[in-house]
Number of protein chains: 2
Amino acid sequence: MRVMKGNTILVVDDEAEIVSMIKQSLENEGSEVITAGDGRQALEQLHRNPDLIILDVMMPALNGFELCQMIRDEVSCPILFVSAKQKEADRIQGLSIGGDDYITKPFSLRELKARVAAHLRQNQRLLAGNVHRRVLRYGFLQLDLQGREVRIRQQSIPFTAREFDIMELLALHPGQVFSKDQLYEKIWGLEAVGDSNTITEHVKKIRAKLGVADPQSNYITTVWGVGYKWEAIPS
Amino acid sequence: MRVMKGNTILVVDDEAEIVSMIKQSLENEGSEVITAGDGRQALEQLHRNPDLIILDVMMPALNGFELCQMIRDEVSCPILFVSAKQKEADRIQGLSIGGDDYITKPFSLRELKARVAAHLRQNQRLLAGNVHRRVLRYGFLQLDLQGREVRIRQQSIPFTAREFDIMELLALHPGQVFSKDQLYEKIWGLEAVGDSNTITEHVKKIRAKLGVADPQSNYITTVWGVGYKWEAIPS
DNA sequence: GCCCATTTTATAAAATCTTTATAAATCCCC
DNA sequence: GGGGATTTATAAAGATTTTATAAAATGGGC
């Protein structure tokens, strides 16, 4: 789970075994984990500026709900409750007083990790966020024009500069046929001279890469005697 | 629930009664609710820019998981899955492919509302705090833009002026490729003339310094024949 | 004058682009 | 429907371009 790398997570629970179990599990994913055995200790740890807080509800002295209410306005990171109290009313209360998630004990470590990762991911999205990217999407295929990156089912596929240029041009004009000369002119520039085989070769490479990740698809169609075109809807 | 006022929520489910039930419930809280009966309709509704998406997993044509994967990179709002599939593996899958929450059917409307409100609240918190953010964080790396200081694992690393300029520009636009000419123009100024090797050299120095403190990471990627870009998620 | 950041130069290494040759597919006219 | 011509596909190798590295030169500030 790449998202968890480098993040600081505060785990608060009065049961030491649970704390150490969670700590170890999250550290395995690359997070830095700081811990507290009760609400007061947790308050002291806040100066470390955690990226996420996991909070047991039932603790002596200062319980999880109380702690959450105290810090919620000062701390903008997600707060996840973990509790043996399974009633719906408890879950709703936890979410209402400022919690972002509520997991009932006994819980699966894998689900805890998945939920922690999801919250961290969403935080990153919003923080690194306000990047309006131009992304072309055709089914499972995505062309990130600013990042010059191609993804199929979220998986990045390396394309060379020329390959990307050709794909971009075609995909920006779905359904329109481009002759090889047109492609050459648009991508290499007006004065450029070159063999039309060059295009053929690049198209072949593009198709090969797309074909590996998405075998049934046929994004680039050959229009015989004319050129190539991008299929509006991949088949 | 104050948070829900004025928000737009997209509800996607093929069972019309469920859609209308959720719609009514959320509208009572002050949200604007738009709906879709399947994945394709949902895609068409995305132009409305919802603040949150509720997604049924099992739908004909395009299921919730598939839809989520398709849109996750373009849509930064929270995505909540609602599903009759209750197995842990399903929940974890949903959270792993970009979902932010997973609620099993049959669900309590009150809990759904509480979870929706919690996600909206957290988004508002982050977006509000985003304005005066002056420290960029990428994994273990922190860029203090005000203090022009670079820290890895809390340890400060000295960077020269140009090095910091280049890093700052790249890191402020994660995922976007900058050509050497673009970098030169943005940092040295329009009229400046210079060798593109200068950039190469500075990038080398930056990578060397980052590499010492964080050997596995690769923050700046070479996009062959195009330029350099900052990885949103360091690999 | 010395130190440090910056830039330039030269060379090595890597990746890509283009060409060439050959095979396969498609079209068109008879 | 078949044969020849044309167009496109495939594969591999050479040429070219681009980037990485190292080291030396420049130039300003103390």
Side-chain angles (χ1 to χ4, degrees), chain A residues 148-150 156-170 177-212 215 217-231, chain B residues 148-150 156-170 177-189 191-212 215 217-231 235:
Chain A
R148 294 183 68 91
E149 204 177 313
V150 179
S156 179
I157 299 168
F159 275 73
T160 69
R162 286 288 124 73
E163 287 163 11
F164 193 90
D165 289 339
I166 293 173
M167 269 185 88
E168 180 179 13
L169 179 56
L170 292 175
V177 184
F178 288 88
S179 73
K180 292 178 186 175
D181 286 345
Q182 274 179 301
L183 287 171
Y184 211 97
E185 188 180 309
K186 297 251 187 199
I187 289 168
W188 276 259
L190 288 164
E191 73 293 339
V193 283
D195 195 336
S196 71
N197 288 333
T198 304
I199 308 272
T200 314
E201 175 64 16
H202 282 125
V203 169
K204 180 190 121 197
K205 292 254 175 76
I206 294 169
R207 292 211 260 228
K209 287 180 184 177
L210 293 179
V212 168
S217 300
N218 188 26
Y219 295 99
I220 297 176
T221 306
T222 303
V223 181
W224 237 85
V226 187
Y228 298 101
K229 79 169 168 185
W230 189 265
E231 286 299 319
Chain B
R148 291 181 70 86
E149 197 182 320
V150 180
S156 179
I157 299 168
F159 275 73
T160 69
R162 291 282 171 284
E163 287 163 10
F164 194 90
D165 289 340
I166 293 173
M167 270 186 86
E168 181 178 11
L169 179 56
L170 291 175
V177 183
F178 288 88
S179 72
K180 292 178 186 174
D181 287 344
Q182 274 179 303
L183 288 171
Y184 211 96
E185 189 181 307
K186 298 250 186 199
I187 289 168
W188 277 261
E191 73 292 339
V193 283
D195 195 336
S196 72
N197 288 332
T198 305
I199 308 274
T200 313
E201 177 64 14
H202 284 303
V203 169
K204 184 187 117 196
K205 292 250 176 79
I206 295 169
R207 292 212 261 227
K209 287 181 184 177
L210 292 178
V212 168
S217 294
N218 188 24
Y219 295 98
I220 297 177
T221 306
T222 302
V223 180
W224 242 87
V226 186
Y228 298 101
K229 79 171 163 183
W230 189 266
E231 286 299 319
S235 50

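Not measured: the values here are computed from a predicted model. Lettering of chains follows the sequences in order, A, B, ..., and the numbering in each one begins at 1.
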Trainee: DNA chain D: A:Asn197 or B:Val223, which has the more 5' nearest nucleotide?
Mentor: A:Asn197
Trainee: May I ask you to check whether A:Arg207 and A:Thr222 show a side-chain donor-acceptor distance below 3.5 Å?
Mentor: yes
Trainee: So A:Tyr228, base contact, sugar-phosphate only, or nothing? Heavy-atom distance under 4.0 Å.
Mentor: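 Sugar-phosphate: the residue A:Tyr228, judged by heavy atoms under 4.0 Å, touches backbone atoms but no base.
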Trainee: Do A:Trp230 and A:Ile220 come close enough that some side-chain heavy atom pair is under 4.5 Å?
Mentor: yes
Trainee: Take the C1' atoms of the five end pairs on each side of the helix from C:dG1-D:dC30 to C:dC30-D:dG1, get both axes, and report the angle to 10 degrees.
Mentor: 40°
Trainee: Distance from A:Ile199 atom CD1 to A:Leu183 atom CG, nearest 0.5 Å?
Mentor: 5.0 Å
Trainee: Is it the case that B:Arg162 places NZ or CZ above or below the six-membered ring of B:Trp188, under 6.0 angstrom from the centre and within 45 degrees of the axis?
Mentor: yes
Trainee: Would you say a side-chain N or O of B:Trp188 is under 4.0 Å from OP1 or OP2 of C:dT7?
Mentor: yes
Trainee: State the CD1-CG distance between A:Ile187 and A:Leu170, to the nearest 0.5 angstrom.
Mentor: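 Answer for the CD1-CG pair, A:Ile187 versus A:Leu170, is 7.0 Å.
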Trainee: Among residues 198-208 of chain A, which contact DNA chain D at a heavy-atom distance under 4.0 Å?
Mentor: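 Going residue by residue through residues 198-208 of chain A, the ones with a heavy atom under 4.0 Å of DNA chain D turn out to be A:Thr200, A:Glu201, A:Lys204, A:Arg207.
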Trainee: Using modelled atom types only, decide if a donor and an acceptor are shared between the side chain of A:Glu185 and the backbone of A:Gln182 within a distance under 3.5 Å.
Mentor: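 No, A:Glu185 side chain to A:Gln182 backbone: no donor-acceptor pair under 3.5 Å.
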Trainee: Apply the test salt bridge (Lys or Arg N to Asp or Glu O under 4.0 Å) to residues A:Lys180 and A:Asp195: give CA-CA distance (whole Å), side-chain angles for both, the deciding distance (0.1 Å), then the verdict.
Mentor: CA-CA 9 Å; A:Lys180 292 178 186 175; A:Asp195 195 336; over 6 Å; no
Trainee: Roughly how many Å is it from CG in B:Leu183 to P in C:dT7, rounded to a whole number?
Mentor: 13 Å
Trainee: Between A:Ser196 and B:Glu163, which has a closest nucleotide on DNA chain C that is more 5'?
Mentor: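 Its nearest nucleotide lies further toward 5', so the answer is B:Glu163.
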Trainee: Is there side-chain contact between A:Phe159 and A:Leu210, with heavy atoms separated by less than 4.5 Å?
Mentor: yes
Trainee: Starting at the 5' end of DNA chain C and moving along, which residue's nearest nucleotide shows up first, A:Trp224 or A:Arg162?
Mentor: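 The 5'-side residue here is A:Arg162.
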Trainee: Is B:Tyr219 close to B:Glu231 at the side-chain level, that is, under 4.5 Å between some pair of heavy atoms?
Mentor: no
Trainee: So is A:Lys186 actually on top of A:Phe178's ring, under 6.0 Å and inside 45° of the axis?
Mentor: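 No, a cation-pi geometry is absent between A:Lys186 and A:Phe178.
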Trainee: Look up atom NE2 in B:His202 and atom CE in B:Met167, then write down how far apart they are to the nearest 0.5 Å.
Mentor: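 Here the rounded value is 14.0 Å.
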Trainee: Taking any atom closer than 4.0 angstrom to a non-hydrogen atom of chain A, what span of DNA chain D does the protein reach, first nucleotide to last?
Mentor: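 Nucleotide range in contact with chain A: D:dT6 to D:dA12.
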